[in-house]
Amino acid sequence: MHLEDVTISKAIISRYQEELLEALESDVAVVGGGPAGLVAAYYLARANKKVVLFERKLSVGGGMWGGGMMFNQIVVQDEALPILKEFGISYTTFQEGYYTASSVEAVAALTLGAVRAGAKIYNLISVEDVMVRDNRVTGLVINWTSVDVARLHVDPLSVQCTYVIDCTGHDARVASMVVKKLGPVLKTKSGSLEGEKPMWAERGEMATVANTGEIYPGLFVAGMAANAVCGGHRMGPIFGGMLLSGRRAARLILGEE
Ligand code: 48H
């Protein structure tokens, strides 16, 4: 079969351009493709919302790949088992209430689930700012991660959405941007980020779900970012809370909770 090199290039450029144009207006923009972001994207897309997910790295999965200290197994508790089952992730009972799963299978299944549900994933793109109109987050400012890494002075582009979910993990990047630009306006005790507390798996897991919610009009927070914003404990390599938090963010946006 004859193959034209330049036709391959044309196919990639034109298809990607179409996909990027599609990202300009959405119902929900998820920032960060870790477990919380992927699960939120899945449930929202499954409910027919137009969902875009921006991930600054080459691969999605965030901190899930490495399990605990690079042992690529994750632990999940009873409450999150229905989500493992929903995505078809196989698991083993370690002892009552403690289940393990391959972190590699988990990332692959969450990613495939989100994509097949209709969420569009844009990797290698970093969110560097927010758009705010009339005291509401109305969109995001995006740029290639390579621009950021190379410290190039290149202006970004903007995308518009009805809701943003900050799923950027420990750094809670979007919430931090809002505070940096607007001051202490978040729905937290101080109005700013309360900061993550030390390791305590049980408390941290409950808090990450409880802290999931709208922290500024139009801006939701989920996963580890929820504890960084609202002051919850970290929990180590147990991932049920991340999955439950992503699902809760979707349910809140869908008005189901
Ligand atoms: C685009 C961005 C940007 C940006 C960051 O860290 P994550 O895996 O986040 P969660 O909340 O889904 O899961 C947290 C979990 O992995 C974890 O760290 C746990 C359980 N820790 C416990 C403990 O005690 O340490 O994923 C966040 C994703 C990453 O892929 C980032 O690359 C991405 O967000 N990201 N994407 N624009 N500005 N900032």
Side-chain angles (χ1 to χ4, degrees), residues 23 29-43 52-70 72-77 80 83 101 103 106-107 110-111 114 120-130 139-149 156-157 159 161 164-178 180 195-209 211-212 219-230 232-250:
V30 178
V31 187
L38 290 170
V39 169
Y42 166 81
Y43 282 103
V52 296
L53 185 156
F54 298 107
E55 167 54 53
R56 68 179 266 111
K57 295 201 174 143
L58 182 56
S59 55
V60 288
M64 203 179 217
W65 292 104
M69 216 178 108
M70 294 195 200
N72 65 0
Q73 293 287 317
I74 56 165
V75 170
V76 165
Q77 63 276 50
I83 302 181
S103 64
V107 171
L110 296 181
T111 308
K120 293 280 181 200
I121 296 181
Y122 300 85
N123 60 338
L124 295 167
I125 291 183
S126 291
V127 170
E128 63 168 58
D129 204 349
V130 286
L140 297 167
V141 179
I142 59 170
N143 213 331
W144 300 115
T145 301
S146 49
V147 165
D148 182 31
V149 171
L157 293 173
V159 301
C161 56
V164 168
I165 315 180
D166 182 348
C167 294
T168 60
H170 294 271
D171 295 336
R173 299 241 182 211
V174 185
S176 301
M177 287 164 203
V178 168
K180 189 175 163 202
E196 194 181 291
K197 293 199 186 119
M199 184 81 90
W200 191 341
E202 190 178 323
R203 289 246 174 130
E205 283 291 89
M206 286 192 295
T208 200
V209 182
N211 290 333
T212 301
L219 173 62
F220 281 71
V221 69
M224 205 60 225
N227 280 0
V229 169
C230 301
H233 290 269
R234 69 184 301 191
M235 69 297 289
I238 179 159
F239 280 81
M242 301 303 126
L243 308 178
L244 291 162
S245 170
R247 188 179 68 180
R248 178 151 197 242

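Since the structure is predicted, the reported quantities are computational estimates derived from the model, not experimental observations. Computed from heavy atoms alone, side chains included, the values below leave out hydrogens, waters and symmetry copies. As the structure lists them, so they are numbered: ligands from 1, and atoms in each ligand from 1.
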Minimum heavy-atom separation for [X] and [Y], please, with both atom names.
| X | Y | result |
| --- | --- | --- |
| Ala106 | Ile74 | CB-CD1, 4.0 Å |
| Arg56 | Asp148 | NH1-OD2, 3.2 Å |
| Ala172 | Val229 | CB-CG2, 3.8 Å |

Handout entry: Any side-chain donor near an acceptor of the partner, Thr208 and Ser245, under 3.5 Å
Key = no
Exercise for the section: Using atom types as modelled and distance alone, determine if a side-chain donor or acceptor of Glu205 lies under 3.5 Å from a backbone N or O of Gly241. Expected result: yes
Problem - Pocket residues of ligand 1, ordered first by chain and then by residue number (heavy-atom cut-off under 4.0 Å) - result: Val31, Gly32, Gly33, Gly34, Pro35, Ala36, Phe54, Glu55, Arg56, Lys57, Gly62, Gly63, Ile125, Ser126, Val127, Cys167, Thr168, Gly169, His170, Arg173, Gly223, Met224, Arg234, Met235, Gly236, Phe239, Met242
Handout entry: For Arg247, side chain to side chain donor-acceptor pair (under 3.5 Å) partners two or more places apart
Key = none
